Visitor: 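Structure in structure tokens, see below.
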Amino acid sequence: MPTATIDATDVLAKYQPVIGLEVHVQLLTQTKAFCGCINQYGGEPNTHVCPVCLGLPGALPVLNRQAVEFAVLASKALNLTINEESVFARKNYFYPDSPKGYQISQFDKPLAENGWLDVSDGKGGTRRIGITRLHMEEDAGKSIHDGFADSANHTYIDLNRCGTPLVEIVSEPDLRTPEEAYEYLTKLKEILLYTGVSDCNMEEGSLRCDANVSVMLKGAPEYGTKAEVKNVNSFRFIRDAIHYEIERQVEVVESGARVVQESRLYNSAEGRTYSMRSKEAAHDYRYFPEPDLPTLTVEAAWRDEILKALPELPEAKRARLIAEYDLTPQDAATFAATRSFADTFEAAAKSAKSPKRVASLLLGELTGRLNAAGLELAQSPVSMTGVVQAADLLEEGKLSSKQLKGLFDIAFEKGEDFGVVYDREKPEQISDTGAIETMIDEVIAANPKQVEQYKGGKTTVSAFFVGQVMRLSKGQANPALLNELVVKKLNAA
Ligand code: ADP
Ligand code: ZN
Ligand code: MG
């Protein structure tokens, strides 16, 4: 009897992955969460510290108003309900980079609850991912294990980061694929950047993510046991770590064993996760209300005042760009992903004859050249005024797209703005009706098949003739006139 060989993908297909994400975000406040120390990345070790963030006996915390305001903004942007009263709690654990021996966090009464964020469902629609809660807490310091002569047997501690205000954003176990998790994070970051509450810089640790992953047989009544993957420092790595974790857990279950509830570390060089500590050995945090801080009250009047600063969010901006400027969903999404880029586009579009042309110049000709040259938009030799001027010339038919490409090439080569190049080069344009008609006749004679197609009702073929004549004229035919004459000639052919 032949034995059944099970293809790995078939096995995976029997299982349903379940993913929930916990994201820590540093807030861009001037000072730390509970003291007046500067909140700034880097600095000489242990210079941004004071008795409060060093946890010296008798030092008392005072809550940073701006941190609350940022947390409220982030909560609203993520559709969470903001609790009028929330309570700070001590999360007790011993670790050298936490001098107090506890972290001030929020536990059973967080600042905000029950939000959501939409991700695409892969079928043109969206799927709503629940956000359980957003709570405020403080960051710990940093242990430095290498880089010193005696690093082999010493660990150094830098407490500059100690007391930095954070929000932790916890999702429901609603995510189903690594790709969905990646999109959730991308959208979350977009929204947080829009609100201006964080720079979300993963390299500097201002955005950190733990991924909780489990697998269950499809249709099972209960979720499987989860493992938590910690310390992953890019969205791509998180996606890869979740992929790995799903396959590892399916293998465990298929072998008849059980998934252990534990924290795991991702090694990006090896592309795998390692057990860090099992839940049994995990800490009991002995949460209790923070006695040194009163209940946080965000009454309606203050909340509404804070929310006046809430900007239009990416999703709304995308929809509006499509409606207002007739952009494709793809182009609108590209602009809306970055608030400043969208603003740049809109400012230009408002002064241009055709916003669509501005969009395609920005996303095509300009972005392509900037990427090739390794430049940021702010470093572009062609200014936004130049882009608008170019778009208008195209729209008015005073410039062919081939000529425009040539002028942009020169602008980037010489580091000149578009207007300067255009005024000097003044590309020639053939606006003589007779000359253009002669070329059209030539192209029509050479392409009888396309003429038949046109006569048969396929009027879009006219673009083919326009393109051919444009080539023949070396890009110099007046595009508006050419379009008009091609249609006239084809109809008469
Ligand atoms: P814990 O008590 O271990 O902290 P929580 O219920 O607070 O667990 O959930 C922490 C995170 O783990 C949340 O993001 C949640 O969505 C996610 N999570 C919970 N259960 C599962 C599961 N079975 N599989 C995957 N993720 C889960
Ligand atoms: Zn301090
Ligand atoms: Mg929990």
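As the structure is a prediction and not an experimental result, all values here were calculated from the model.
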Visitor: How far apart are the closest heavy atoms of A349 and P355, and which atoms are they?
Guide: CB-CB, 3.8 Å

Visitor: Hey, could you give me the OG1/CD1 distance between T81 and I131, rounded to the nearest 0.5 Å?
Guide: 11.5 Å

Visitor: Please give me the minimum heavy-atom distance between L27 and A71, naming the atom from each residue.
Guide: CD1-N, 4.5 Å

Visitor: Look only at the side chain of K32 and the backbone of C162, and say whether a donor-acceptor pair between them is shorter than 3.5 Å.
Guide: yes

Visitor: Name the orientation class of the two ring planes belonging to Y285 and Y93 (parallel below 30°, tilted from 30 to 60°, perpendicular beyond 60°).
Guide: perpendicular

Visitor: Salt bridge or not between E138 and K100? Use side-chain N to carboxylate O under 4.0 Å.
Guide: yes

Visitor: Any chance you could lay out the salt bridge (charged side-chain N to carboxylate O under 4.0 Å, His left out) test for E346 and R320, step after step, and finish with the verdict?
Guide: CA-CA 11 Å; E346 283 208 82; R320 189 175 56 76; 2.7 Å; yes

Visitor: On the six-membered ring of F288, is R286 placed so that its NZ or CZ lies under 6.0 angstrom from the centre and within 45° of the ring axis?
Guide: no

Visitor: Given side chains that start at C-beta, do those of V215 and V252 come closer than 4.5 Å, heavy atoms only?
Guide: no

Visitor: Run the salt bridge (charged side-chain N to carboxylate O under 4.0 Å, His left out) test on E180 and R127 for me, step by step, so that the C-alpha distance in whole Å, both residues' side-chain angles and the decisive distance to 0.1 Å come before the verdict.
Guide: CA-CA 10 Å; E180 233 174 47; R127 224 165 72 65; 2.7 Å; yes

Visitor: Can you see which heavy atom on C37 is nearest to which on V49, and at what distance?
Guide: SG-C, 3.4 Å

Visitor: So Q103 and S98, side-chain hydrogen bond (donor to acceptor under 3.5 Å, both in side chains) or not? Walk me through it.
Guide: CA-CA 7 Å; Q103 175 192 28; S98 171; over 6 Å; no

Visitor: Would you say E324 has more than 12 foreign heavy atoms packed within less than 6.0 Å of its CD?
Guide: yes

Visitor: Not counting sequence neighbours, list each pair that qualifies as a salt bridge (charged side-chain N to carboxylate O under 4.0 Å, His left out) and has a residue in residues 299-311.
Guide: E305-K308

Visitor: Working note: S383 + D417, criterion side-chain hydrogen bond (donor to acceptor under 3.5 Å, both in side chains); need CA distance, chi angles, decisive distance, verdict.
Guide: CA-CA 6 Å; S383 68; D417 203 349; 2.6 Å; yes

Visitor: Is any side-chain heavy atom of D118 less than 4.5 Å from a side-chain heavy atom of R128?
Guide: yes

Visitor: Taking the side chain as every heavy atom from C-beta outward, state whether L188 and C200 have any pair of such atoms under 4.5 Å apart.
Guide: no

Visitor: To the nearest 0.5 angstrom, please state how far the NZ atom of K226 sits from the OG atom of S263.
Guide: 8.5 Å

Visitor: Within a radius of less than 6.0 Å around NZ of K218, do more than 12 heavy atoms belonging to other residues, nucleotides or ligands occur?
Guide: yes

Visitor: Is any side-chain N of the basic residue among D409 and R369 closer than 4.0 Å to the acidic one's carboxylate O?
Guide: yes

Visitor: Please determine whether the number of non-hydrogen atoms from other residues, nucleotides or ligands lying under 6.0 Å from atom CD of E270 exceeds 12.
Guide: yes

Visitor: Please evaluate residues S206 and Q26 with respect to the criterion side-chain hydrogen bond (donor to acceptor under 3.5 Å, both in side chains), reporting the C-alpha separation (whole Å), side-chain torsions for both, the decisive distance (0.1 Å), and the verdict.
Guide: CA-CA 5 Å; S206 49; Q26 281 185 3; 4.8 Å; no

Visitor: Is there side-chain contact between W302 and T297, with at least one heavy-atom pair below 4.5 Å?
Guide: no

Visitor: Got S214 and T225 here, is their nearest side-chain heavy-atom distance under 4.5 Å?
Guide: no

Visitor: Should the pair R90-E290 be classified as a salt bridge under the 4.0 Å nitrogen-to-oxygen rule?
Guide: yes

Visitor: Rounded to the nearest 0.5 Å, what separates atom OG1 in T334 from atom CZ in F341?
Guide: 7.5 Å

Visitor: Mark yes or no for whether N39, through its side chain, and T29, through its backbone, hold a donor-acceptor pair below 3.5 Å.
Guide: yes

Visitor: Looking at N46 and L159, would you say the former's side chain and the latter's main chain have a donor-acceptor pair under 3.5 Å?
Guide: yes

Visitor: Do M136 and F88 come within less than 4.5 Å of each other through their side chains, counting heavy atoms only?
Guide: yes

Visitor: Go through the steps to decide whether R208 and D139 satisfy the test side chain to side chain contact (heavy atoms under 4.5 Å, CB included), and finish with yes or no.
Guide: CA-CA 11 Å; R208 311 195 286 273; D139 214 339; 2.9 Å; yes

Visitor: Rounded to the nearest 0.5 Å, how far apart are NE2 of H135 and CG of N83?
Guide: 13.0 Å

Visitor: Using a strict cut-off of less than 4.0 Å between a Lys/Arg side-chain nitrogen and an Asp/Glu carboxylate oxygen, indicate whether R248 and E245 qualify as a salt bridge.
Guide: yes

Visitor: Roughly how far, to the nearest 0.5 Å, is OG1 of T273 from NE2 of H243?
Guide: 14.0 Å

Visitor: Show, in sequence, the C-alpha distance, side-chain angles and deciding distance for Y15 and I246, and conclude whether the side chain to side chain contact (heavy atoms under 4.5 Å, CB included) test is met.
Guide: CA-CA 9 Å; Y15 289 87; I246 290 168; over 6 Å; no

Visitor: Got a donor-acceptor contact below 3.5 angstrom from the S351 side chain to the A348 backbone?
Guide: yes

Visitor: Between D174 (side chain) and G130 (backbone), is there a donor-acceptor pair under 3.5 Å?
Guide: yes

Visitor: In this structure, are over 12 heavy atoms from other groups packed under 6.0 Å from E251 atom CD?
Guide: no

Visitor: Test I238 against Y266 for side chain to side chain contact (heavy atoms under 4.5 Å, CB included), laying out the working first.
Guide: CA-CA 8 Å; I238 289 167; Y266 181 65; over 6 Å; no

Visitor: In terms of side-chain heavy atoms, does T31 have a donor or acceptor partner in N64 at a distance below 3.5 Å?
Guide: yes

Visitor: Are V11 and V250 side-chain neighbours, meaning at least one heavy-atom pair lies under 4.5 Å?
Guide: yes

Visitor: Is it true that a side-chain atom of N212 and a backbone atom of G20 form a donor plus acceptor pair closer than 3.5 Å?
Guide: yes

Visitor: Go through the steps to decide whether T132 and E172 satisfy the test side-chain hydrogen bond (donor to acceptor under 3.5 Å, both in side chains), and finish with yes or no.
Guide: CA-CA 5 Å; T132 318; E172 288 288 300; 2.6 Å; yes

Visitor: Would you say CD of E376 has more than 12 non-hydrogen atoms from neighbouring residues, nucleotides or ligands within 6.0 angstrom?
Guide: no

Visitor: Can you label the angle between the F345 ring and the Y325 ring as parallel, tilted or perpendicular, going by 30° and 60°?
Guide: perpendicular

Visitor: Any sub-3.5 Å donor-acceptor pair from R339's side-chain atoms to Y194's backbone N or O?
Guide: yes

Visitor: Checking K187 side chain against P314 main chain: does a donor-acceptor pair fall under 3.5 Å?
Guide: no

Visitor: Rounded to the nearest 0.5 Å, how far apart are CG of L366 and CG of N371?
Guide: 9.5 Å

Visitor: Taking the side chain as C-beta and beyond, is there a heavy-atom pair between I322 and P329 under 4.5 Å?
Guide: yes

Visitor: Can you see whether D150 engages Y156 through a side-chain donor-acceptor pair at a distance of less than 3.5 angstrom?
Guide: yes

Visitor: Do the side chain of N160 and the main chain of G42 share a donor and acceptor less than 3.5 angstrom apart?
Guide: yes

Visitor: Test of understanding: with side-chain hydrogen bond (donor to acceptor under 3.5 Å, both in side chains), list the residues that count as partners of K142, not counting sequence neighbours.
Guide: none

Visitor: Where is the tightest heavy-atom contact between L293 and P61, given as atom of each residue plus distance?
Guide: CD2-O, 3.7 Å

Visitor: Taking everything shown except K405 itself, do over 12 heavy atoms lie less than 6.0 Å from its NZ?
Guide: no

Visitor: Tell me whether D146 contacts the main-chain N or O of S151 through its side chain, where contact means a donor paired with an acceptor under 3.5 Å.
Guide: no

